[in-house]
Amino acid sequence: MSKSGEKVIHLPATISVRDLSEHLQISPIDIIKTLMTNGVMASINQEIDFDTAAIVAAEFGFEAAPEAPPEIAEAEKSADLPLWRRLLAREPKEALKPRPPVIGILGHVDHGKTTLLDAIRHANVAAGEAGGITQHIGAYQVRHNDRLITFIDTPGHAAFTAMRARGAQGADIVVLVVAADDGVMPQTREAIAHARAAQVPIVVALNKIDRPNANPERVKQQLAEIGLVPDEWDGDTLVVPISAKEGTGLDDLLEAILLVADNTGILANPNGKTFGTVIEARQERGRGVVATLLVQNGTLKTGDVVVAGTAQGRIKGMFDYNNKPIKKATPSTPVSVMGLDEIPVAGELFEVVASTREARAIVEERKQRAAEAEASRRRGMTLEQLFAKVEAGETQELRLIVKTDVQGSVEPVTTAIKELETENVGINILHADAGNITENDVMLASTSDAIIIGFNTQPDAAARKLAESEGVSIRTYDIIYRLTEDIEKALKGLLEPEEQEVVIGRANVLAVFQASKVGKAAGCRVVEGEIRRNARVRVRRGDKVLFEGEIASLKRHQDDVREVRSGFECGIGLKGFSDFAEGDVIECFIIETVKPL
């Protein structure tokens, strides 16, 4: 019930000044003036949080209330949400009930993800949870203040990325584990990027506070610098000090999780269509295919017919995380099931269908579509695809991942890029950091339909290979104005394909010997990629490039060969160069035509 004389208005978690003025039917100038009197300087396009918007609304006689949960309110019109969230949006709103939150735990290597999961699990068992932990099935539940919390017990960062790559995004909340003695590290930033791309809130578990060199305040400052401002600094990120090793702060962390869950509005229809996510699956002797499923809507029962990707079957047996037989599982419950005809892929959506006949028909259709898709494999979003999506109303943004050579270049490069936004197409920089372009960057780009921009940096060999298989577009630059010029052209639809150098291999010179036809030749070991006879090469000595040209001869055991791969030795002679020295690096590259952004 609203206060006397006040009208209730529903507002999202963040809103621009322009949109707030439209909601309130008040001039944006008056909104800006009210903000100024409350100490907030904001332009017409600037985003403000719900609390600030609520204060402004109150000044004009409105009582602000939070909008429906974003996974429901936006599901029907957002192609970026995972399939299970879009299915959930079709359930009658009056049938939705609160369900336990599902938590994914991410963080940098060695910051304590596994130790934290074990500590929460064992603390809960010690507190009197029945049964004990008898089987690891990839997910488990704990009880805190008479409320259940489900944890996805995946192998950290890489597994969560793989789940997102298949459109699952099973977690409702991400707990980001950051070591108080180490601070924000590269995988911390990557984990944040994945959580944001998955559109889930983040709670920070500030671990290892028992260490003598722990510096929580420094870590909070680092978090604030990358957009996770602690709540005690008037931000909206809960940062909970813990020691997973000592078992301290765990109750506070569980409290924080429930608080965020209450503010997020985590709902499902226990009587609706039954679907959820495959957490993991394996073949077991004597039991056949055993799959761990996370129910996200409806109620899963033994005897139900389930389809998960191209796997299908009737559930013959169902067990909870303690390996105790059960007959049914409600939303947010992880269960281990038997009865599928093949091992489903982790991260796949599963759903209950009416009959085995219907299940087989669905699987056949999916297999046919997969074969067609493989025949014309999707490549990363091109310029034409971007504008087709804009015209169809499916997207209004160009998604980028930005990598630079040094940390000092990150801000100026991202600032220059953001200034290129147009009225029709915005620019969303999902992740920006210093260093080489890695497999994690490519995976994030693949799962988010993003393009990777490198400034004075290159993809490593593994990233190049993954980008090729995933169809991710990587653009590298060494001059800032060329970078911004290309993005500007892309946004205007003017960008033409261009030629770009791609390094395919490197070899170290181990010895120099006399060769009859080319003078001196180099005895080498290929240390990365491959050396191809018909490609171009350059010779590097330290930071200097001594020569760039063509290969005259490529031999292995006196035989002329077309290519030599990593790990093998070979003899290389070059056209017009013979001044080799031990320790030189021969870099092999090709020139490719690169499609538009």
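For this chain, numbers begin at 1 and follow the sequence in order.
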Nearest 0.5 Å please: distance from the CG atom of L444 over to the CZ atom of R399. 9.5 Å
Using a 4.5 Å cut-off on heavy atoms from C-beta on, say whether the side chain of H23 contacts that of I15. yes
Within the supplied structure, the quantity of interest is the number of heavy atoms (other residues, nucleotides, ligands) at a distance under 6.0 Å from E22 CD; does it exceed 12? yes
Taking side chain as C-beta onward, heavy atoms only, is L398 less than 4.5 Å from I451? yes
If you measure from OG1 on T264 to CG on L259, what distance do you get to the nearest 0.5 Å? 9.0 Å
Please assess V472 against I452 for the test side chain to side chain contact (heavy atoms under 4.5 Å, CB included), listing each intermediate value before the final yes or no. CA-CA 8 Å; V472 170; I452 298 175; 3.9 Å; yes
Quick one: do R99 and L267 satisfy side chain to side chain contact (heavy atoms under 4.5 Å, CB included)? Show the steps, please. CA-CA 5 Å; R99 61 175 173 83; L267 308 171; 5.8 Å; no
Strictly distance-based, threshold 3.5 Å: is any side-chain N or O of Q141 a donor or acceptor partner for the main-chain N or O of S332? yes
Minimum heavy-atom distance T476-P459, with the two atoms named: CG2-CD, 4.2 Å
Let me see the working for D210 and K245 under salt bridge (charged side-chain N to carboxylate O under 4.0 Å, His left out), right down to the final yes or no. CA-CA 9 Å; D210 55 305; K245 183 179 177 182; 5.5 Å; no
Give me the atom names and distance for the closest heavy-atom approach of I173 to A261. CD1-N, 3.7 Å
V203 side chain reached by V174 side chain, heavy atoms, under 4.5 Å: no
Is the backbone of V184 close enough, under 3.5 Å, to the side chain of Q222 for a donor and an acceptor to pair up by distance? yes
Should we count NZ of K33 as having more than 12 external heavy atoms under 6.0 Å? no
If the test is side-chain contact (heavy atoms from CB on, under 4.5 Å), which one of I31, L24, D30 qualifies with S27? D30
Can any side-chain N or O of N207 pair as donor or acceptor with the backbone N or O of A244 at less than 3.5 Å? yes
Could you go through the salt bridge (charged side-chain N to carboxylate O under 4.0 Å, His left out) check for R211 and D182 one step at a time? CA-CA 10 Å; R211 295 280 182 92; D182 204 13; over 6 Å; no
Would you say E421's side chain and I427's backbone share a donor-acceptor pair under 3.5 angstrom? yes
Apply side chain to side chain donor-acceptor pair (under 3.5 Å) to the pair T34 and E59, showing each step before the final yes or no. CA-CA 8 Å; T34 303; E59 294 279 350; 5.9 Å; no
Could you walk me through whether T438 and D441 satisfy the side chain to side chain donor-acceptor pair (under 3.5 Å) test, starting with their C-alpha distance in whole Å, then the side-chain angles of each, then the deciding distance to 0.1 Å, before giving a yes or no? CA-CA 5 Å; T438 66; D441 298 318; 3.2 Å; yes
Are L87 and N297 close enough that some pair of their side-chain heavy atoms sits under 4.5 Å apart? no
R218 (side chain) donor-acceptor with A180 (main chain) under 3.5 angstrom: no
Of all the heavy-atom pairs spanning V219 and A179, show the shortest one and how long it is. CG2-O, 4.0 Å
Rounded to the nearest 0.5 Å, how far apart are CG of L254 and CZ of R143? 13.0 Å
Using every non-hydrogen atom in the two residues, find where A432 and V410 come nearest and quote the distance to one decimal. CB-CG1, 3.8 Å
What do the steps show when you test I487 against L400 for side chain to side chain contact (heavy atoms under 4.5 Å, CB included), and what is the final call? CA-CA 10 Å; I487 293 176; L400 301 177; 4.0 Å; yes
Does a side-chain heavy-atom distance below 4.5 Å link T150 with P101? no
State whether the number of non-hydrogen atoms from other residues, nucleotides or ligands found under 6.0 Å of D236 atom CG is greater than 12. no
Tell me, do I152 and I103 make a side-chain contact under 4.5 Å, heavy atoms counted? no
Backbone N or O of I453 within a donor-acceptor pair of the R475 side chain at under 3.5 Å? no
Under 6.0 Å between ring centres, would you say that holds for Y140 and F151? yes
Walk me through it: do L206 and I242 pass the test side chain to side chain contact (heavy atoms under 4.5 Å, CB included)? CA-CA 6 Å; L206 191 56; I242 66 165; 5.9 Å; no
Given 3.5 Å as the limit, does a donor-acceptor pair link the side chain of T415 with the main chain of E411, or not? yes
Any side-chain heavy atom of K403 within less than 4.5 Å of one from N436? no
Salt bridge check, R147 against E255: does any charged N sit closer than 4.0 Å to a carboxylate O? no
Working to the nearest 0.5 angstrom, can you tell me the gap between F62 CZ and Q25 CD? 8.0 Å
Heavy-atom pair with the smallest gap, counting every atom of A467 and I474: CB-CD1, 3.6 Å
Would you give the length of the straight line joining atom CG of D172 to atom CD1 of I257, rounded to the nearest 0.5 angstrom? 11.0 Å
Show your working on salt bridge (charged side-chain N to carboxylate O under 4.0 Å, His left out) between E468 and K465 and close with a plain yes or no. CA-CA 5 Å; E468 186 176 342; K465 186 176 180 180; over 6 Å; no
How far apart are the C-alpha atoms of T277 and Q296, what are their side-chain angles, what is the distance that settles it, and do they pass the side chain to side chain donor-acceptor pair (under 3.5 Å) test? CA-CA 7 Å; T277 298; Q296 289 165 308; 2.8 Å; yes
Show the nearest heavy-atom pair for residues F455 and I480, with the distance to one decimal. CE1-N, 3.6 Å
Is E485 paired with R482 through a side-chain N to carboxylate O contact shorter than 4.0 Å? no
Under the side chain to side chain donor-acceptor pair (under 3.5 Å) criterion, do N456 and Y477 qualify, and how do the steps go? CA-CA 6 Å; N456 282 333; Y477 302 87; over 6 Å; no
Atom CD of E419 and atom OG1 of T414: how far apart are they, to the nearest 0.5 Å? 10.0 Å
Can you tell if the side chain of V17 reaches within under 4.5 Å of the side chain of I32, non-hydrogen atoms only? yes
Report yes or no: does T457 contribute a side-chain atom to a donor-acceptor pair with the main-chain N or O of D405 at less than 3.5 Å? no
